[in-house]
Number of protein chains: 2
Amino acid sequence: MTEVVEIWDPCVERLARLTGDRCKAKTAARKLQNLTDKIDESELTVEAEVFKAMSDPFRLAILKLLREGELCVCEIMTAFDKPQSSTSHHLSILKRAGLVKERKDGKWSRYRLSEGAVIEMMNLAGLMTGD
Amino acid sequence: MTEVVEIWDPCVERLARLTGDRCKAKTAARKLQNLTDKIDESELTVEAEVFKAMSDPFRLAILKLLREGELCVCEIMTAFDKPQSSTSHHLSILKRAGLVKERKDGKWSRYRLSEGAVIEMMNLAGLMTGD
DNA sequence: CTTATATATCGAATAAGCTTGATCCGAATA
DNA sequence: TATTCGGATCAAGCTTATTCGATATATAAG
């Protein structure tokens, strides 16, 4: 009896114990495998960076402030009464994530939202609370 | 000389030095003040929690996996080959943020996306990269 | 009632993030 | 060229997150 091991990963072992049925387990495992294979690793990283940039209350406030138009670092730090280094740092994070765009204007750096999608995402996040 | 101080906050001082014109500075400051006043602090906190929950690659992967339907902790940890404690912990974070819902079923805890908006947010985040 | 299994929670170690003063850079101005 | 001012970067201290083994809880099965 040369028990043919068709088990292609530990996943099936686990699911087999779950369902008690090795055949069903294989099907379930294959389905899970298909789903996880569809998840692109680099896409995951990029999207996580976007969400991380939006996960800080101060940065979120900056984005909301920029809904009305372009502002320089000086105005933003003044509006929120925050140190310049802190404001600049958070703006660089937002910029790196692609959420804001920078425009140099003499000695000023003026920032604006890069996409309307940013506002849309904030609106959607607000919907998540009540449910 | 009882110099009437109409300056209602340090904001104007700063903007006055920026523009050189105290009158314009007051207007600008008032405008900024109006904008910042519109930003609700508690709304900010809630939205930040949602984004923070979505800012981890593993949690994002879980959300993507759940697009296809309900899964138990055991299946999720198996799909990604992650420890049970870690998987359970991340699911609790997603649940607390309102992104997933839990359904107890015997000794299983089955999780599903709570809103279609979750998928929409991930799609929007993906758009942010190229621009 | 004991055992096995699915999940949740705890705890300690490690890593990452935030804050802010200090410093550096670059553009405008005298 | 020296100075000033907006902004970026650095560095230290502090807080928070992530990870994962160990333990607790709870449900089901024997």
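It should be emphasised that the depicted structure is a prediction, and the values quoted were computed from it without experimental measurement. Proteins come first, then strands; the chains are lettered A, B, ... in the order of their sequence lines, and each starts at number 1.
C:dT7 atom P lies 9 Å from atom NZ of B:Lys104, rounded to whole Å. Between the CD1 atom of B:Ile76 and the C1' atom of C:dT7 there is a distance of 12 Å, rounded to whole Å. Distance, A:Glu102 CD to D:dG7 P: 10 Å, rounded to whole Å. When rounded to the nearest whole Å, the span between CZ of B:Arg103 and P of C:dA6 equals 16 Å. When rounded to the nearest whole Å, the span between CZ of B:Arg96 and C1' of D:dA17 equals 11 Å. Here D:dC20 presents its C1' atom at 12 Å from CE of B:Met77, a figure rounded to the nearest Å. Atom CH2 of A:Trp108 is separated from atom C1' of C:dA28 by 8 Å (rounded to the nearest Å). Rounded to an integer number of Å, the gap from A:His89 NE2 to D:dA12 C1' is 14 Å.
Looking at the side chain of B:Asp56, the nearest of the listed nucleotides D:dG6, D:dT18, C:dT19 is D:dT18. The side chain of B:Pro83 sits closest to D:dC20 out of D:dC20, C:dC18, D:dT18. Considering only the side chain of A:Ser86, C:dT19 comes nearest among C:dA8, C:dC18, C:dT19. Comparing C:dA6, D:dC5, D:dA8 by their nearest atom to the side chain of A:Ser88 picks out D:dA8.
Under a hydrophobic clustering in which Ile, Leu, Val, Met, Phe, Trp and Tyr are joined whenever their side-chain heavy atoms come within less than 4.5 Å, directly or via other members, B:Leu124 and B:Leu99 fall into the same cluster. The cluster map of Ile, Leu, Val, Met, Phe, Trp and Tyr, joined by side-chain heavy atoms under 4.5 Å apart, puts B:Leu35 and A:Leu63 in the same cluster.
Positionally, the nearest nucleotide of DNA chain C for B:Lys107 lies more toward the 5' end than for the other of B:Lys107 and A:Thr87.
Donor-acceptor pairing under 3.5 Å, judged by distance alone, is absent between the side chain of B:Gln84 and the base of C:dA6. One can find a donor-acceptor pair under 3.5 Å joining the base of D:dG21 and the side-chain atoms of B:Ser85.
Among the atoms of the strands shown, none is found under 4.0 Å from any heavy atom of B:Arg110. If you check every strand for non-hydrogen atoms under 4.0 Å, B:Ile93 touches sugar and phosphate atoms only. At a threshold of 4.0 angstrom between heavy atoms, the contacts of B:Lys52 are confined to the sugar-phosphate backbone, with no base atom among them. Heavy atoms of B:His90 sit under 4.0 angstrom from primed sugar atoms or phosphate atoms, though from no base atom.
Side-chain atoms of A:Arg110 never come within 3.5 Å of backbone atoms of A:Glu70 as a donor-acceptor pair (strictly under, hydrogens ignored).
At least one side-chain heavy atom of B:His89 sits less than 4.5 Å from a side-chain heavy atom of B:Ser92. Residues B:Leu44 and A:Lys64 are in side-chain contact: their nearest non-hydrogen atoms beyond the backbone lie under 4.5 Å apart.
Within the 4.0 Å cut-off from OP1 or OP2 of D:dG6, not a single side-chain nitrogen or oxygen of A:Tyr111 is found.
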